[in-house]
Protein chains: 2
Amino acid sequence: MAQTAHRPAPRYGNRPTMKDVAARAGVGLKTVSRVVNSEPGVTVETERRVREAIDALGFRRNDSARVLRKGRTASVGLILEDLADPFYGPLSRAVEEVARGHGALLINGSSAEDPDRERELALALCARRVDGLVVIPAGEDHRYLEPEIAAGVATVFVDRPAGGIEADAVLSDNAGGAREGVAHLLAHGHRRIGFIGDLPHIHTAAERLRGYRQAMAEAGAPVDERWVSMGPTGAERVARETVRMLSGPGPVTALFAGNNRVTVTALRVLAGREWPVALVGFDDVELGDLLRPGVTVVAQDAALIGRTAADLLFGRLEGRPARARRVELPTRLIVRGSGELPPAGE
Amino acid sequence: MAQTAHRPAPRYGNRPTMKDVAARAGVGLKTVSRVVNSEPGVTVETERRVREAIDALGFRRNDSARVLRKGRTASVGLILEDLADPFYGPLSRAVEEVARGHGALLINGSSAEDPDRERELALALCARRVDGLVVIPAGEDHRYLEPEIAAGVATVFVDRPAGGIEADAVLSDNAGGAREGVAHLLAHGHRRIGFIGDLPHIHTAAERLRGYRQAMAEAGAPVDERWVSMGPTGAERVARETVRMLSGPGPVTALFAGNNRVTVTALRVLAGREWPVALVGFDDVELGDLLRPGVTVVAQDAALIGRTAADLLFGRLEGRPARARRVELPTRLIVRGSGELPPAGE
DNA sequence: CTGAAAGCGCTTACAG
DNA sequence: CTGAAAGCGCTTACAG
């Protein structure tokens with residue numbers, strides 16, 4: 001009783017430690033460590049005794065303690081916008097697979113597109129001493145990560161570049177992809193083309209808009225600013241803007257949807273219309289091939305993006321490149337029908 | 001030089017520790033700890049000096065060390081089949097949100113439906129001393145987790161029950177949902193209904209098949225075993241089986257698809273057929289409402305499942321229920337058109 | 001082949 | 001208000 005009075009609360013549910021195993025097996029601590037880590041220099045008989053004690057006690061090495069001593073946690077963090085978004089699932093899985101190949105676990109976090117939450121998550125992961133960090137940025141200022149990167153946390157930005165610091169980045173050719181998609185609509189006779197995108201301060205949204213303007217300019221098609229709408233991609237706003245662009249005098253005859261959320265909402269609105277309206281969306285959508293017409297999209301390869309980022313990360317952890325690298329991956333136009341509809345009424 | 005000769009490899013990139021901060025601020029270690037953890041009992045002036053040293057050195061507390069001393073890691077593990085599957089994204093996000101509410105991080109792992117990999121992942125997470133584990137089982141024998149659970153790792157099984165041990169579980173009403181879906185087809189005049197499901201040893205697959213048989217029996221509709229196909233849900237097999245059931249004498253007039261992967265493949269096959277074939281799928285599919293006809297499904301609420309599991313987990317961590325609990329969540333039939341098609345040729 | 005001592009970077013339990 | 005000592009559970013660097 002007197003002994004337990006000053007005992008701290010049971011740690012890890014009072015799990016046995018190497019010390020307990022050593023006592024039970026009648027050997028030294030280091031010998032247990034040798035057996036647990038399959039190090040050489042233990043007789044068959046000693047090993048047997050130790051293994052017996054391990055099994056009897058249900059011992060499992062505490063990797064937290066190991067990590068503290070070794071200096072590497074064999075874990076990487078991934079901060080993305082929303083794990084529930086179909087774009088991030090495959091990306092996350094790809095990062096996980098590469099990490100697994102390097103014996104590392106993956107800690108996932110959703111920023112919910114909130115810069116404060118991104119920062120909070122990133123720093124929490126750094127405090128846990130993840131070896132590396134893959135960040136799909138929500139914020140625009142990443143100087144808060146400078147000391148962490150300097151201290152050795154390998155960091156790769158994905159989808160959008162880092163703000164205010166030099167760092168590796170894996171991006172899609174957003175401007176080029178959007179330009180190709182809009183050029184495709186122009187080639188099918190459209191001149192009045194709407195663009196509905198995400199908030200303008202988001203890098204990908206701005207780049208895609210740039211691609212749109214570029215394609216229009218190259219075709220000598222003037223852009224009426226009422227055809228451009230940037231903002232939150234919730235269903236309500238997107239539906240309202242879609243309807244607006246299709247109404248009034250001089251409505252658009254085609255739409256370019258800035259991401260998969262926009263595409264889905266726009267499709268729902270268009271499904272209820274009498275006139276066919278051409279549509280090309282950025283990002284592929286599941287079942288897009290089964291709709292009538294099929295949905296023409298500018299697709300990104302989420303898994304490839306994730307794999308590329310993770311490869312870059314582990315390359316850095318193995319001490320490879322010195323300077324920050326920026327990788328740009330191509331997009332792919334997938335023609336399925338919706339982007340080849342001719343302008344209505346012509 | 002002589003001094004560095006025996007220095008171990010730089011740990012955590014030679015990050016400053018509390019000791020370094022204490023030395024620079026000219027205070028004791030404990031005082032730094034007090035400031036870092038916002039504990040009371042430090043003068044304004046002392047705190048200022050400590051904070052100055054922290055900023056100058058770029059100190060960030062090492063949570064690995066903290067965890068070792070405190071006994072709880074404030075992290076939970078989630079093992080699922082495949083993060084890239086659209087069903088698991090929202091589920092994972094929901095678990096993350098609950099964890100976040102409890103100040104915990106989420107470590108994700110995909111088992112790829114491989115029991116060995118599930119085990120390996122689960123034990124790796126236990127070795128890192130996660131506080132709790134949410135497991136979507138790939139294997140059928142979970143006795144390997146018994147010592148871990150006994151040692152205090154809160155564990156909740158999701159989607160399928162644990163094998164060989166008593167543990168909390170959150171399940172969907174798989175049999176009831178399938179039964180309702182098949183009854184819906186029967187109510188629309190079908191008698192020859194095909195069932196294409198996952199591998200028969202998978203709990204959800206077996207339960208859904210049970211629901212199918214139950215509905216058929218209740219309607220007095222005999223089941224021809226050629227209408228039932230259980231196996232891997234890759235596109236090739238599912239497409240082949242779909243075609244087979246629609247061919248030959250006495251083809252099926254309706255299909256029940258055992259999960260979202262099956263539904264998608266079946267839809268692709270049916271899209272190329274002349275005769276309309278009725279279809280009800282288990283699990284909702286994105287854009288299912290936009291297809292013509294819309295896809296009638298038996299939907300599960302992935303986010304609700306995740307939230308329920310996480311709530312159970314943290315309830316247990318806070319020392320609540322003693323006995324293992326099993327929660328069964330209802331499914332919901334969503335009528336959109338494909339399930340209401342009448343039998344072809346009648 | 002084996003093990004005692006020191007230390008990873010913190011927190012705990014004291015004592016001043 | 002402040003800090004020295006002990007300890008969390010391992011691994012490292014030695015010595016026998």
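It should be emphasised that the depicted structure is a prediction, and the values quoted were computed from it without experimental measurement. Chain letters run A, B, ... following the sequence lines, proteins first and then strands; every chain starts at 1.
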J.: Does the side chain of A:E96 come under 3.5 Å of the side chain of B:S110 through a donor N or O and an acceptor N or O?
T.: yes

J.: Send over the distance from B:L29 CG to C:dC10 C1', rounded to a whole Å.
T.: 8 Å

J.: Would you please confirm or rule out a distance under 4.0 Å between OP1 or OP2 of C:dA6 and any side-chain N or O of A:R69?
T.: no

J.: Looking only at side chains, do A:E140 and A:H203 share a donor and an acceptor under 3.5 Å apart?
T.: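 No, because no side-chain N or O of A:E140 sits under 3.5 Å from a partner of the opposite role on A:H203.
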
J.: Quick one: does A:S75's side chain get under 4.5 Å of A:L106's, heavy atoms only?
T.: no

J.: State whether the side chain of A:H142 and the backbone N or O of A:A162 hold a donor-acceptor pair below 3.5 Å, judged by distance alone.
T.: no

J.: Atom CG of B:D63 and atom P of C:dC10: how far apart are they, to the nearest Å?
T.: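 One finds 9 Å between P of C:dC10 and CG of B:D63, rounded.
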
J.: Grab the CZ-P distance between A:R60 and D:dC10 for me, whole Å please.
T.: 12 Å

J.: In whole Å, what is the span from the CZ atom of B:R128 to the P atom of D:dC8?
T.: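 In whole Å, D:dC8 P and B:R128 CZ are 22 Å from each other.
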
J.: Is atom CZ of A:R61 surrounded by more than 12 heavy atoms (other residues, nucleotides or ligands) closer than 6.0 Å?
T.: yes

J.: Given D:dC8, is OP1 or OP2 found less than 4.0 Å from the side-chain N or O atoms of A:K19?
T.: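 No, A:K19 has no side-chain N/O under 4.0 Å of OP1/OP2 on D:dC8.
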
J.: In terms of side-chain heavy atoms of A:K70, which of C:dG9, D:dT11, C:dC10 is nearest?
T.: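 Within the option list, the nearest is D:dT11.
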
J.: Can you tell me the distance, in whole Å, between the CZ atom of A:R129 and the P atom of C:dG9?
T.: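 To the nearest whole Å, that distance equals 9 Å.
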
J.: Which nucleotide sits closest to the side chain of A:A65: D:dC10, C:dG9, C:dC10?
T.: D:dC10

J.: Take the protein atom CG of A:L68 and the nucleotide atom P of D:dT12, then report the distance between them rounded to whole Å.
T.: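 Between P of D:dT12 and CG of A:L68: 12 Å.
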
J.: What is the distance from CE of A:M18 to P of D:dT12, rounded to the nearest Å?
T.: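 Nearest whole value for this atom pair: 11 Å.
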
J.: Would A:H102 and A:E318 count as a side-chain hydrogen bond (donor to acceptor under 3.5 Å, both in side chains) here? Give the steps.
T.: CA-CA 11 Å; A:H102 291 266; A:E318 279 148 21; 3.2 Å; yes

J.: Quick one: stems involving DNA chain C, counted as three or more successive Watson-Crick or G-U pairs, both distances short of 3.5 Å.
T.: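 Detected stem regions: C:1-3 with D:14-16, C:5-12 with D:5-12, C:14-16 with D:1-3.
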
J.: With a 4.0 Å limit, can you tell me whether A:K30 has a side-chain N or O closer than that to the phosphate oxygens OP1/OP2 of D:dC14?
T.: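 No, no such contact exists.
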
J.: I need the CG-C1' distance between A:D20 and D:dC8, as an integer number of Å.
T.: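 It works out to 13 Å between those atoms.
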
J.: Measure the shortest side-chain to side-chain distance between B:V134 and B:F157 over non-hydrogen atoms and say whether it is less than 4.5 angstrom.
T.: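 Not touching, per the 4.5 Å side-chain cut-off.
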
J.: Are more than 12 heavy atoms, taken from residues, nucleotides or ligands other than B:R48, located less than 6.0 Å from that residue's CZ atom?
T.: yes

J.: If you take any heavy atom closer than 4.0 Å to DNA chain C, which residues from residues 31-54 of chain A end up in contact?
T.: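 A:T31, A:R34, A:G41, A:V42, A:T43, A:T46 - these, ordered by number, are the residues of the stretch whose heavy atoms sit under 4.0 Å from the strand.
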
J.: Any chance you could lay out the salt bridge (Lys or Arg N to Asp or Glu O under 4.0 Å) test for A:E166 and A:R325, step after step, and finish with the verdict?
T.: CA-CA 9 Å; A:E166 282 297 303; A:R325 292 213 304 163; over 6 Å; no

